[in-house]
Amino acid sequence: MSVYTQLTDDQFAAFCQSFGVSFARAIPITQGIKNSNWFIQTTDDLDGTYSYVFTLFEERPPADIEKMAVILNQLNGNLPVAAPLAVIESNSSQMDGDDKRYVIHYEDKAITLVPCLAGSHPDQTTQAMCHDIGAALAMLHETLQALQPSEQYGVPLYPWADVRDREMQFMPGDEAKLMSDIWRSYSELPLATLPKGLCHLDMFADNTLWNLQKGEARLTGLLDFTEVSVEHYVMDIAITINDFCTTWGVAEQGESVNFDRSKMAAFLQGYESIRPLNSDEKRALPVMLAKAAVIFWLLRLNVIHYNRTEGRTGDNIMVKNPDLMKRLAAYHWAHVEKSQNTVFVLLSKPDNQIVGVFSSITQAEQAQETLSSSEFAIKEYTLDQLS
């Protein structure tokens, strides 16, 4: 399980009392790789039930978590989120607006207490779920535009280029080339034309909750807003697509990576029902999908590096396999390369049967002239379209 800092029951009781909650028991949460998390059972809860989630943020400074609390309050009412409880101040039983404080400091780390949301993490996703999470992400992007300037609320983006430079020194040549090619292609995108704003940047399935009863899935919770930063919306889209539209095989299945393009189409339909993408965003998405996979490849390598340098070991440390994201990056990059390779196809009229495929327009025109210019047409395709 992912619990790095150990707390005693007396400490839990004191912290919970600061939020006006009567503590009975703390239950470690096994998911997550960055923070220490517990379910909190109160004295009013029945055995086996709990009302709150207690989080001790291992890396993020308390000021960042205070910003997160404002963001969650902004989303509350439009989306199913758990807004942190306010700290009960000794000099005032009630505080308004900006005067509220949501974070307790413990050894230079932040602590929050949030209400539990109903639902469970999905083991698998469906097209309908991908549609719904697409719409939810678009609503998140639209709603957070009210927080201006957005840079004041978002935390700085992590310096992934530094992690890339460190890790590429130890990679096999083919892996280093894959990472370098994707990074270069991303840098060549028309980034200035891509809309930006506050983004979640970690909307994986295990950061969502669903009511999965009666054969239907209803979104009941969006979790983990610690990474909210100002970024291109299409990057946030790519990150979410990469997890929701990929089936990750378990170890017994060879940890396969299977991306479902029909799920991606459903996601985009849901997203665009709230916020339509512009043409530059649509063209950038294939490269963004590859870059997003690279970022999470680096993230998992960075967790391994951090655990090693900090001496964090044992059964309570969860490490996700970086190789899965590497394989997903390779899959997306193969599609980008196909789309970048243009061919010229000679088609017969009127049935549009392929007569020949040529690497240049000149070759196609020569073949057309040799056969009969009136009975054949030339069309330009990418290899991805042709397949």
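Just so it is clear, the values below take in all heavy atoms, side chains as well, and ignore hydrogens, waters and symmetry mates.
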Could you list the donor-acceptor pairs under 3.5 angstrom formed between side-chain atoms of residues 67-76 and any protein atom two or more places apart in sequence or on another chain?
| from | atom 1 | to | atom 2 | distance (Å) |
| --- | --- | --- | --- | --- |
| Asn73 | ND2 | Ala69 | O | 3.2 |
| Asn73 | ND2 | Tyr102 | OH | 3.0 |

message: If you define the side chain from C-beta out and look only at heavy atoms, does anything of Cys130 sit under 4.5 Å from Cys245?
response: yes
message: With rounding to the nearest 0.5 angstrom, report the NZ to CH2 distance, Lys338 to Trp333.
response: 14.0 Å
query: Under 6.0 Å between the ring centres of Phe267 and Phe244?
result: no
statement: ring pair (Phe, Tyr, Trp, His ring centres under 6.0 Å) test vs Phe12 passes for just one of Phe19, Tyr52, Tyr106, Trp38, namely Trp38
task: Go through the steps for Asp45 and Ser51 under the test side-chain hydrogen bond (donor to acceptor under 3.5 Å, both in side chains), then give the verdict.
output: CA-CA 7 Å; Asp45 290 329; Ser51 297; 2.6 Å; yes
query: Is Lys349 close to Phe376 at the side-chain level, that is, under 4.5 Å between some pair of heavy atoms?
result: no
- prompt: Can you tell me if CG on Asp108 sees more than 12 non-hydrogen neighbours from other groups inside 6.0 Å?
  reply: no
- prompt: With Thr55, which residues qualify under side-chain hydrogen bond (donor to acceptor under 3.5 Å, both in side chains), at least two apart?
  reply: Asn37
field: Contacts of type side-chain contact (heavy atoms from CB on, under 4.5 Å), residue Lys109, not counting sequence neighbours
entry: Thr5, Leu56, Glu58
field: side-chain hydrogen bond (donor to acceptor under 3.5 Å, both in side chains) against Tyr331, all qualifying residues, sequence neighbours excluded
entry: Arg261, His335
message: Does anything in residues 264-277 form a side chain to side chain donor-acceptor pair (under 3.5 Å)? List the pairs, not counting sequence neighbours.
response: His141-Tyr271, Tyr271-Arg275, Arg275-Glu281
message: So, taking the atom named CE in Met264 and the one named CD1 in Ile237, what distance separates them when rounded to the nearest 0.5 Å?
response: 11.5 Å
Derivation and outcome, salt bridge (Lys or Arg N to Asp or Glu O under 4.0 Å), residues Asp206 and Lys320: CA-CA 13 Å; Asp206 61 6; Lys320 295 183 178 180; 3.0 Å; yes
Salt bridge (Lys or Arg N to Asp or Glu O under 4.0 Å): pairs with one or both residues in residues 224-234, sequence neighbours excluded: Lys34-Glu227, Arg60-Glu227
- prompt: Quick one: side-chain contact (heavy atoms from CB on, under 4.5 Å) partners of Ser18, sequence neighbours excluded?
  reply: Ile104
task: Check whether any side-chain heavy atom of Trp297 sits under 4.5 Å from a side-chain heavy atom of Met179, and report yes or no.
output: yes
field: Student check: side-chain heavy atoms of Val303 and Leu299 closer than 4.5 Å
entry: yes
- prompt: Listed by chain and number, what are the ring-ring contact (aromatic ring centres under 6.0 Å, His included) partners of Phe39, not counting sequence neighbours?
  reply: Tyr50
query: If only atom types and distance count, is the side chain of Thr112 paired as donor or acceptor with the main-chain N or O of Pro84 below 3.5 Å?
result: no
- request: Could you name each residue pair satisfying ring pair (Phe, Tyr, Trp, His ring centres under 6.0 Å) that touches residues 193-223, not counting sequence neighbours?
  value: His200-Phe225, Phe204-Phe296
Expected output: side-chain Asp236 to main-chain Tyr233 donor-acceptor under 3.5 Å: no
message: Tell me whether the count of non-hydrogen atoms from other residues, nucleotides or ligands lying under 6.0 Å of CD in Gln11 goes above 12.
response: yes
message: Checking the side chain of Thr42 only, and the main-chain atoms of Phe23 only, is there a donor and an acceptor separated by less than 3.5 Å?
response: no
- request: May I ask you to decide if Asp243's main-chain N or O and Thr246's side chain share a donor-acceptor pair within less than 3.5 Å?
  value: no
message: Checking side-chain polar atoms at under 3.5 Å, does Asp10 have a donor or acceptor matched by the opposite partner on Thr8?
response: no
field: Listed partners of Asn302 passing side-chain hydrogen bond (donor to acceptor under 3.5 Å, both in side chains), at least two apart
entry: Tyr158, Arg166
- request: Return the set of residues passing side-chain hydrogen bond (donor to acceptor under 3.5 Å, both in side chains) with Lys177 (not counting sequence neighbours), or none when no residue passes.
  value: Asp181
- prompt: Is any side-chain heavy atom of Ile40 less than 4.5 Å from a side-chain heavy atom of Leu113?
  reply: yes
field: Exercise: identify the closest heavy-atom pair between Ala292 and Asn242
entry: CB-ND2, 3.6 Å
- prompt: Which other residues end up in the same hydrophobic cluster as Leu46, if Ile, Leu, Val, Met, Phe, Trp and Tyr are linked when side-chain heavy atoms come under 4.5 Å apart?
  reply: none
query: For the side chain of Asn207 and the backbone of Asp202, is there at least one donor-acceptor N/O pair under 3.5 Å apart?
result: yes
query: Between Glu59 and Tyr306, do the side chains contain an N or O donor and an N or O acceptor separated by less than 3.5 Å?
result: no
message: Tell me if the CD atom of Gln124 is crowded by more than 12 foreign heavy atoms within 6.0 Å.
response: no
message: A side-chain contact here means heavy atoms from C-beta on lying under 4.5 Å apart; do Lys291 and His332 qualify?
response: no
field: Phe344 and Phe358 aromatic centres sub-6.0 Å
entry: no
- request: Could you verify whether a donor N or O on one side chain and an acceptor N or O on the other, from Glu216 and Gln213, lie under 3.5 Å apart?
  value: no
task: Without swapping roles, check the side chain of Arg300 against the backbone of Asn321 for a donor-acceptor pair under 3.5 Å.
output: yes
field: Ser150 side-chain N/O to Gly197 backbone N/O, donor-acceptor pair under 3.5 Å
entry: no
query: Only one of Met203, His121, Met129 clears side chain to side chain contact (heavy atoms under 4.5 Å, CB included) with Thr208; which?
result: Met203
message: Determine whether a donor-acceptor pair (N or O, by modelled atom type, separation under 3.5 Å) exists between the side chain of Gln41 and the backbone of Thr49.
response: yes
- prompt: How many angstroms lie between atom CD1 of Ile295 and atom CH2 of Trp160, to the nearest 0.5 angstrom?
  reply: 6.5 Å
Heavy-atom closest contact (Ala367 atom, Leu346 atom, distance): CB-CD2, 4.0 Å
task: Evaluate the side-chain proximity of Glu369 to Glu365: yes if any heavy-atom separation is below 4.5 Å, no if none is.
output: no
query: Within the distance-only criterion (no hydrogens, no angle test), does the side chain of His105 pair as donor or acceptor with the backbone N or O of Pro62 below 3.5 angstrom?
result: no
query: Going by distance alone, is a donor N or O of one side chain under 3.5 Å from an acceptor N or O of the other, for Ser348 and Asp351?
result: yes
message: One pair to check against side chain to side chain contact (heavy atoms under 4.5 Å, CB included): Met288 and Leu189. What are the steps and the verdict?
response: CA-CA 9 Å; Met288 286 291 191; Leu189 290 173; 4.2 Å; yes
message: If you apply the rule side chain to side chain contact (heavy atoms under 4.5 Å, CB included), what do you find for Asp64 with Thr226, and how did you get there?
response: CA-CA 8 Å; Asp64 287 354; Thr226 59; over 6 Å; no
